[in-house]
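Report on one structure; see the data block that follows.
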Amino acid sequence: MGVLNVTPDSFSDGGRFVTRDAALAQARRMVEEGAGIIDVGGESTRPGAAPVSEAQELERVVPVVDAIARELDVIISLDTSTPAVMREGAAAGAGLINDVRSLRRPGALEAAAASGLAVCLMHMNGEPGVMQESPSYPGDDVVADVQRFLRERVDACLAAGITRERLVIDPGFGFGKTLAHNLHLLRELDVLAEFELPLLVGMSRKSMIGHALGRPVDQRLPAGLALHVMALERGAHIIRAHDVRETVDALNMAWAVLNG
Ligand SMILES: Nc1nc2[nH]c(SCCc3ccc(S(N)(=O)=O)cc3)nc2c(=O)[nH]1
């Protein structure tokens with residue numbers, strides 16, 4: 001899954017792909033590099049990010065989804081929590097709703113159900129504005145909290161008529177988690193196999209690398225590849241990354257080892 005931020009303030013590539021043509025060119029490049037999904041996000045959900053209006057998010061996302069759907073043969077994912085973006089993005093040709101808030105906003109569950117699209121449910125502790133301010137978990141057991149949260153969100157989707165074959169789950173690395181929480185979560189990632197659902201992870205350029213190695217955002221690729229290979233080994237099916245070419249090679253090499 002290639003990351004396409006169409007926001008001016010994204011944490012690692014803010015402002016580079018705001019124009020529709022620049023976004024389409026980047027999507028084309030990621031598909032050429034081997035991306036099977038393009039994740040289009042119009043709201044930065046990095047820690048401390050400013051909220052974005054519905055109109056702004058629609059204006060950023062929908063034209064880009066439309067342009068990609070017209071030109072490229074790739075699954076388009078909507079990185080959004082906004083019902084109107086889910087509706088308009090689906091109409092424009094998106095195939096997956098990737099909601100970091102797991103359809104908890106008013107109207108989101110209904111909009112996702114009505115869209116017929118696949119849905120990724122992701123664990124987040126708090127909201128982006130405050131989630132990294134001393135994150136904590138009952139009994140300091142982040143894994144149990146992620147399992148409990150995802151079970152609850154899966155049940156909410158099933159109750160709303162979103163069937164299991166449309167669901168993807170994600171532990172939400174970096175969303176209200178300390179370095180220790182993120183490392184523990186990756187070490188035990190295979191417990192999420194209990195859901196028997198596709199597993200998505202995204203650790204590309206995130207602060208867990210900065211905290212562990214002291215690397216700035218633009219020097220986190222090697223460590224990100226290591227983390228994503230470990231996630232593959234522990235059962236991840238979809239890897240969300242900025243650097244598609246390098247990630248595809250690392251994962252294909254690891255896959256060759258694992259499957260002989
Ligand atoms: N399914 C899914 N969708 C995602 N969308 C994003 S945007 C990243 C926002 C961010 C940036 C930086 C940090 S930090 N504090 O770890 O550096 C946290 C969150 N990520 C994910 C992810 O993982 N899954």
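As the structure lists them, so they are numbered: ligands from 1, and atoms in each ligand from 1. Being a predicted model, the structure only gives us computed values, none of them experimental.
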As an exercise, identify every atom of ligand 1 less than 4.0 angstrom from a heavy atom of [X].
X	answer
Met122	2 (C), 22 (C), 24 (N)
Leu200	1 (N)
Gly202	23 (O)
Arg46	9 (C), 10 (C), 11 (C)
Pro47	12 (C), 13 (C), 15 (N), 18 (C)

*Does the side chain of Thr80 pick up a donor-acceptor pair with the side chain of Glu43 at under 3.5 Å?*
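Side-chain D/A pair, Thr80 to Glu43: absent.
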
*State whether a side-chain donor-acceptor pair under 3.5 Å links Glu57 with Thr82.*
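Side-chain D/A pair, Glu57 to Thr82: present.
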
Polar contacts were defined as any N/O atom of the residue lying under 3.5 Å from an N/O atom of the ligand; does this apply to [X] and ligand 1?
X	value
Gln132	no
Ser207	yes
Arg205	no

Could you pull out every donor-acceptor pair under 3.5 Å between side chains of residues 174-182 and any protein atom, sequence neighbours left out?
| residue | atom | partner | partner atom | Å |
| --- | --- | --- | --- | --- |
| Lys177 | NZ | His123 | O | 3.2 |
| Lys177 | NZ | His123 | ND1 | 2.8 |
| Lys177 | NZ | Pro171 | O | 2.9 |
| Lys177 | NZ | Gly172 | O | 2.6 |
| Lys177 | NZ | Phe175 | O | 3.3 |
| Thr178 | OG1 | Ala180 | N | 3.4 |
| Thr178 | OG1 | His181 | N | 3.1 |
| Thr178 | OG1 | His181 | ND1 | 3.0 |
| His181 | ND1 | Thr178 | N | 3.0 |
| His181 | NE2 | Asp140 | OD1 | 3.1 |
| Asn182 | OD1 | Gly174 | N | 2.9 |
| Asn182 | ND2 | Thr178 | O | 3.1 |

With a 6.0 Å cut-off (strictly less than), is the heavy-atom count around [atom1] of [X], excluding the residue itself, greater than 12?
X	atom1	answer
Arg245	CZ	no
Arg215	CZ	no
Glu165	CD	yes

Please classify the [X] to ligand 1 contact at 4.0 Å (heavy-atom distances, strictly less than): side chain, backbone, both or neither.
X	result
Arg240	side chain
Asp170	side chain
Asp79	side chain

*List the steps and the verdict of side chain to side chain contact (heavy atoms under 4.5 Å, CB included) for Arg153 and Arg104.*
CA-CA 9 Å; Arg153 296 319 297 159; Arg104 286 178 291 163; 3.6 Å; yes

_Arg29 bridged to Glu33 by N-O distance under 4.0 Å_ =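 Yes.
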
*contact_flag Gly172 ligand 1 heavy-atom lt 4.0 Å*: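 It does not; every heavy atom stays at 4.0 Å or beyond.
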
